[in-house]
Amino acid sequence: MKVGFLHSLIRKEEKLLIEEFKKRDGVELVMMDDRRLIFDLHSKPDVDVVIERCINHSRAMHGLRLLESAGIKCVNSADVATVCGDKILTSLALADHGVPQPEVRVAFTEDSALNAIEELGYPAVLKPAVGSWGRLLSKVNDRESAESILEHKSILGSYHHSIFYVQKFIEKKGRDIRSFVVGDDCIAAIYRTSEHWITNTARGAVASGCEVTDELRETSLRAARAVGGGIVAVDLFETPRGLLVNEVNYTMEFRNSISTSGVNFPEKMVTYVIQAGA
Amino acid sequence: MAECPVCDAEIELAADAVQGELMECADCGTELEVLSLDPVKLGEAPETEEDWGE
């Protein structure tokens with residue numbers, strides 16, 4: 001079997017996956033650097049399945065679409081990348097499937113966004129619809145800061161930043177949960193703890209062990225199915241009314257989670273990809 | 001053996017290094033990318049872009 005490895009930079013996660021693929025009998029790994037690829041809309045790359053590990057969302061989304069149009073099975077699919085890469089589409093998918101999430105508002109102008117924030121109440125969280133690693137998130141504590149942040153986004157940002165995604169702020173007591181789903185299995189979970197209200201490990205949050213309870217497994221699998229399934233990481237808040245799904249990530253990072261969980265992520269991911277390509 | 005493009009320190013690549021791999025110069029701390037393996041060539045890793053992430 002020929003496995004295409006769609007990538008750009010090779011980080012720790014990609015290195016571990018490459019090592020795991022090389023251990024498998026009968027698997028030939030074909031490296032596909034998105035910085036060198038040219039698609040002609042006709043040719044079919046000589047691979048049976050593709051694993052997507054791009055660092056740019058836009059390249060992943062379009063690359064997957066082009067590969068799928070050539071008839072190649074991709075993990076994750078272009079649809080999953082499209083939905084997970086856009087918080088509005090993710091929230092819609094979660095809502096369509098009845099998966100619990102924080103209250104959300106979407107608005108297109110400064111005035112309507114301000115009304116949306118006031119409707120949710122302070123504090124609220126403003127997020128770019130497309131973005132990751134906790135960047136450009138704003139916790140809006142009052143009307144004055146709301147007006148200022150909205151004005152800055154409108155004037156200084158590209159047009160993407162005038163699509164206002166507003167989420168009700170959830171008091172999470174310094175931590176959230178990240179769970180990892182591979183197919184129909186929630187393979188592991190970690191707590192991400194920080195004194196900062198943003199608890200991404202990319203922003204310095206510390207990972208620690210988290211038991212995969214029945215509720216966590218069920219909610220994670222429902223979130224994964226809502227966005228189209230595959231290999232995804234689900235971010236969740238613990239609240240008095242149960243777990244709420246915050247985001248779903250389709251090119252999941254797991255370097256901080258292997259030793260914490262004791263789970264062999266590359267082994268499970270590679271097995272899933274090979275089965276998908278069989 | 002390769003040379004750090006920033007501080008000229010000599011850097012030995014791991015035997016299993018791959019093209020595109022990120023690494024850090026032990027001398028100056030710059031994040032580097034393996035641009036090619038034969039010949040070995042290192043460059044400064046690209047700056048974070050707006051749509052980078054998971």
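Numbered from 1 within each chain, the chains take letters A, B, ... in sequence-line order.
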Check your understanding: For A:His152, does the NE2 atom have more than 12 heavy-atom neighbours from other residues, nucleotides or ligands under 6.0 Å away?
Key ->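 At most 12 heavy atoms, drawn from other residues, nucleotides or ligands, come within 6.0 Å of this atom.
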Exercise for review: State whether the number of non-hydrogen atoms from other residues, nucleotides or ligands found under 6.0 Å of A:Lys139 atom NZ is greater than 12.
Suggested key: yes
Check your understanding: Looking at A:Arg135 and B:Glu50, what are the two nearest heavy atoms and their distance?
Key ->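 Where A:Arg135 meets B:Glu50 most closely, the heavy atoms are NH2-O, 3.5 Å.
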**Study point:** Closest non-hydrogen atom pair between B:Trp52 and A:Ser132, with its separation
**Key:** O-CB, 3.6 Å
Point to revise | B:Glu49, part contacting chain A, at a heavy-atom distance under 4.5 Å | key: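 For B:Glu49, backbone and side chain are both near chain A.
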Review point. Quick one: what part of B:Ala17 sits under 4.5 Å from any heavy atom of chain A, side chain, backbone, both or neither?
Key: backbone
Review point. Is it the side chain or the backbone of A:Glu19 that comes within 4.5 Å of chain B heavy atoms, both, or neither?
Key: side chain
Practice item. Please state whether the side chain, the backbone, both or neither of A:Arg35 comes within less than 4.5 Å of a heavy atom of chain B. Key: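 For A:Arg35, the side chain is the part near chain B, not the backbone.
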Check your understanding: Say you draw a straight line from CD of B:Glu54 to CZ of A:Arg178; how long is it, rounded to the nearest 0.5 Å?
Key ->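 The distance works out to 4.0 Å.
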Review point. Roughly how far apart are A:Leu9 CG and B:Gln19 CD, rounded to 0.5 Å?
Key: 11.5 Å
Review point. Do NZ/NE/NH1/NH2 and the carboxylate oxygens of A:Arg59 and B:Asp51 come within less than 4.0 Å?
Key: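 B:Asp51 and A:Arg59: not salt-bridged.
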Point to revise | Among A:Lys22, A:Lys15, A:His57, residue most engaged with chain B (heavy-atom pairs, under 4.5 Å) | key: A:Lys15
